[in-house]
Amino acid sequence: MIIYQDGIVNPVEIKKGSAPKDAVKNFSVLNPIEEEAASEDVISGTEHLKTKVGTGAVVCMPPDLIPVDRKNWYVPAWII
């Protein structure tokens, strides 16, 4: 799931485990939308598609909020 608010994209994944291994690996598909617009993007008119990727969340079954890395968190389903 992707939540877009105030010009920021926040990826969310839902998993069954308590701390799924490599859960945020799929968030990397959003990296190209955060890069600076290249000259060919300006020419093709796609420079407006560049946006910021915010904090990601993996909703799963940990006992509490747990940081995965500097931008992503394991979020307990009971919080939601």
Side-chain angles (χ1 to χ4, degrees):
M1 175 171 44
I2 296 176
I3 299 171
Y4 181 77
Q5 183 177 357
D6 298 328
I8 300 174
V9 172
N10 296 291
V12 178
E13 189 161 344
I14 301 169
K15 296 286 190 177
K16 187 169 68 170
S18 61
K21 184 179 175 190
D22 297 331
V24 296
K25 70 177 179 174
N26 296 324
F27 293 172
S28 65
V29 299
L30 297 173
N31 290 345
I33 69 169
E34 192 171 38
E35 296 172 358
E36 288 293 320
S39 59
E40 59 268 6
D41 294 332
V42 175
I43 294 168
S44 67
T46 59
E47 75 276 5
H48 69 283
L49 299 176
K50 301 300 180 185
T51 188
K52 182 177 176 168
V53 177
T55 303
V58 178
V59 179
C60 52
M61 303 302 285
D64 204 358
L65 284 170
I66 301 172
V68 178
D69 55 29
R70 66 179 184 88
K71 242 180 150 174
N72 302 296
W73 291 80
Y74 290 128
V75 179
W78 60 266
I79 286 180
I80 297 177

Open item on the list: Could you check whether any side-chain heavy atom of Phe27 comes within less than 4.5 Å of a side-chain heavy atom of Val53, counting everything from C-beta outward?
Closed with: no
TODO: Consider only side-chain heavy atoms of I, L, V, M, F, W and Y, link residues closer than 4.5 Å, and tell whether Leu30 and Tyr4 are in one cluster.
DONE: yes
- [ ] Apply side-chain contact (heavy atoms from CB on, under 4.5 Å) to Val75 and Val58, showing your working.
- [x] CA-CA 6 Å; Val75 179; Val58 178; over 6 Å; no
Task: Residue list, side chain to side chain contact (heavy atoms under 4.5 Å, CB included) with Pro62, at least two apart or on another chain - done: Cys60, Ile66, Tyr74, Pro76
Task: Residue among Ile80, Ile2, Ile3 satisfying side chain to side chain contact (heavy atoms under 4.5 Å, CB included) with Val12 - done: Ile3
- [ ] Could you list the residues that satisfy side chain to side chain donor-acceptor pair (under 3.5 Å) with Asp69, not counting sequence neighbours?
- [x] Asn72
Task: Qualifying residues under side chain to side chain donor-acceptor pair (under 3.5 Å), relative to Asn10, sequence neighbours excluded - done: none
Open item on the list: Using side-chain heavy atoms (C-beta onward) and a distance below 4.5 Å, is Ile8 in contact with Thr51?
Closed with: no
- [ ] Indicate the atoms forming the closest heavy-atom contact of Met61 with Lys16, along with that distance.
- [x] CG-O, 3.3 Å
- [ ] Locate the shortest heavy-atom distance separating Lys71 from Gly54; write the atom from each residue and the value.
- [x] CE-O, 3.7 Å
